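Worth saying up front: this structure is predicted, and the values here are computed from it rather than measured.
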Amino acid sequence: MSHMPESRPYHHGDLRAALLAVAERTLREKGVGSLSLRELARETGVSHAAPGRHFKDKQALLNALALAGYERLARTLDAADDPALPLQPRLTALAGAYLGFATEHAELLELMYARKHDPDAAEQMAVGIDKTVGSLERVIADAQKRGEIVEGDPERLTLVVGAALQGIAAFTTGGMLDPDAAGDTLDDLVHHLLHGLKPR
């Protein structure tokens with residue numbers, strides 16, 4: 001690792017990581033419209049040209065932010081997943097991890113899903129999606145093989161589960177659902193997804 005000269009105004013050592021951290025904060029506080037490489041340079045205390053060595057334009061910065069988000073979400077889901085658990089608690093743990101990420105990083109998640117349509121970044125985003133949405137899809141497909149979940153296209157079933165989770169996240173961030181109550185709602189959600197609403 002090369003030694004950074006002491007005169008640098010930021011102390012992160014890694015300019016790219018510093019720029020991404022500042023960009024994520026701006027995204028959270030002011031929204032995607034406020035992000036600019038020029039503003040990032042100013043906030044990080046480097047020359048206007050410096051960010052250009054890492055991101056050729058704003059689109060490249062947004063893609064890098066989204067990819068970092070997918071990495072973080074993948075680690076979050078991975079840490080929460082316990083294949084030894086029965087299906088309902090396993091899905092509830094995964095759903096809880098996703099909900100935590102989605103409410104804490106609502107703007108970042110929105111950016112992650114928006115960037116997956118960027119043709120320049122489609123391949124990189126596909127890897128991120130496979131590590132996150134794909135991991136949930138694999139849990140569902142495995143449960144189908146064991147006869148614990150109805151037959152059908154696991155991708156479509158994952159979409160249904162994801163839509164329900166995203167709905168709870170949106171209700172929570174939108175203030176319609178108390179964050180403390182979201183956990184209980186999640187238990188209900190997974191229960192009803194697995195068993196349906198019909199009386200048994």
Side-chain angles (χ1 to χ4, degrees), residues 16-40 43-44 51 54-81 91-140 155-183 185-186 189-190 193:
R16 188 176 188 277
L19 290 166
L20 283 174
V22 173
E24 195 180 325
R25 195 178 68 224
T26 304
L27 177 69
R28 191 167 54 240
E29 292 170 3
K30 302 177 191 163
V32 74
S34 301
L35 277 173
S36 80
L37 292 177
R38 190 168 259 270
E39 193 55 32
L40 276 187
E43 287 203 31
T44 319
H54 298 282
F55 311 108
K56 72 174 194 300
D57 54 21
K58 183 177 172 176
Q59 300 308 315
L61 169 72
L62 294 179
N63 288 342
L65 262 180
L67 287 168
Y70 277 116
E71 283 295 328
R72 199 182 313 162
L73 178 56
R75 286 196 301 271
T76 302
L77 293 174
D78 201 39
D81 189 24
L91 276 178
T92 305
L94 278 167
Y98 179 84
L99 183 67
F101 184 94
T103 49
E104 208 178 313
H105 307 288
E107 301 81 7
L108 179 62
L109 190 66
E110 198 179 314
L111 176 72
M112 286 157 59
Y113 288 150
R115 296 316 297 166
K116 73 176 202 259
H117 303 298
D118 176 22
D120 293 337
E123 241 171 85
Q124 293 168 297
M125 296 299 158
V127 173
I129 292 159
D130 184 62
K131 284 184 184 166
T132 52
V133 179
S135 68
L136 183 58
E137 194 178 308
R138 286 185 283 277
V139 171
I140 286 171
E155 192 176 339
R156 290 192 64 170
L157 293 177
T158 305
L159 185 65
V160 171
V161 175
L165 284 179
Q166 198 55 38
I168 290 188
F171 281 0
T172 308
T173 53
M176 285 171 278
L177 184 61
D178 187 308
D180 298 331
T185 309
L186 212 51
L189 174 74
V190 175
L193 279 170

- [ ] Would you give the length of the straight line joining atom CG of Leu165 to atom CG of Leu94, rounded to the nearest 0.5 angstrom?
- [x] 9.5 Å

Open item on the list: Using every non-hydrogen atom in the two residues, find where Ala66 and Leu111 come nearest and quote the distance to one decimal.
Closed with: N-CD2, 4.2 Å

Task: Distance, nearest 0.5 Å, that separates CG of Asp120 from CE of Met125 - done: 10.0 Å

Task: Nearest heavy atoms of Phe55 and Ala60, plus distance in Å - done: CD2-O, 4.0 Å

- [ ] Output the distance between atom CD (Glu110) and atom CG (Leu27), rounded to the nearest 0.5 Å.
- [x] 8.5 Å

Open item on the list: Using side-chain heavy atoms (C-beta onward) and a distance below 4.5 Å, is Leu157 in contact with Val161?
Closed with: no

Open item on the list: Between Leu65 and Leu35, is there a side-chain heavy-atom distance shorter than 4.5 Å?
Closed with: yes

- [ ] Identify the two heavy atoms, one from Thr173 and one from Ala106, that lie closest to each other, and give their separation to 0.1 Å.
- [x] CG2-CB, 4.0 Å

TODO: Flag the pair Asp130 / Arg138 as yes when at least one side-chain heavy-atom distance between them is below 4.5 Å, and no otherwise.
DONE: yes

TODO: Can you establish whether the number of heavy atoms outside Phe171 located under 6.0 Å from its atom CZ is more than 12?
DONE: no

Open item on the list: Using every non-hydrogen atom in the two residues, find where Ala102 and Ala169 come nearest and quote the distance to one decimal.
Closed with: CB-CB, 3.6 Å

TODO: With sequence neighbours excluded, give me every side-chain hydrogen bond (donor to acceptor under 3.5 Å, both in side chains) pair touching residues 58-71.
DONE: Gln59-Arg115, Asn63-Arg115, Asn63-Asp118, Glu71-Lys131

Task: Non-hydrogen side-chain atoms of Met112 and Thr132 separated by less than 4.5 Å - done: no

TODO: Pick out which of Asp78, Leu77, Asp81, Thr158 makes a side chain to side chain contact (heavy atoms under 4.5 Å, CB included) with Ser135.
DONE: Leu77

Open item on the list: Between Arg72 and Glu104 (salt bridge meaning N to carboxylate O under 4.0 Å), is one present in this structure?
Closed with: no

- [ ] Please tell me if the side chains of Thr26 and Glu39 come closer than 4.5 Å, counting only heavy atoms from C-beta onward.
- [x] no

Task: CG on Leu40 to CG on Leu19, rounded to 0.5 Å - done: 6.0 Å

TODO: Look up atom CD1 in Ile140 and atom CG in Leu91, then write down how far apart they are to the nearest 0.5 Å.
DONE: 6.5 Å

Task: Note, Phe101 side chain near Leu108 side chain (heavy atom, < 4.5 Å) - done: yes

TODO: Have a look at Thr185 and tell me which of Val190, Asp178, Leu177, Leu99 forms a side chain to side chain contact (heavy atoms under 4.5 Å, CB included) with it.
DONE: Leu177

TODO: Using a 4.5 Å cut-off on heavy atoms from C-beta on, say whether the side chain of Tyr98 contacts that of Leu73.
DONE: yes

- [ ] Give, for atom CD of Gln166 and atom CD1 of Ile168, the distance between the pair rounded to the nearest 0.5 Å.
- [x] 10.5 Å

Task: Leu20 side chain reached by Leu61 side chain, heavy atoms, under 4.5 Å - done: yes

Open item on the list: I'd like to know whether CD of Glu29 has more than 12 heavy-atom contacts from other residues, nucleotides or ligands below 6.0 angstrom.
Closed with: yes

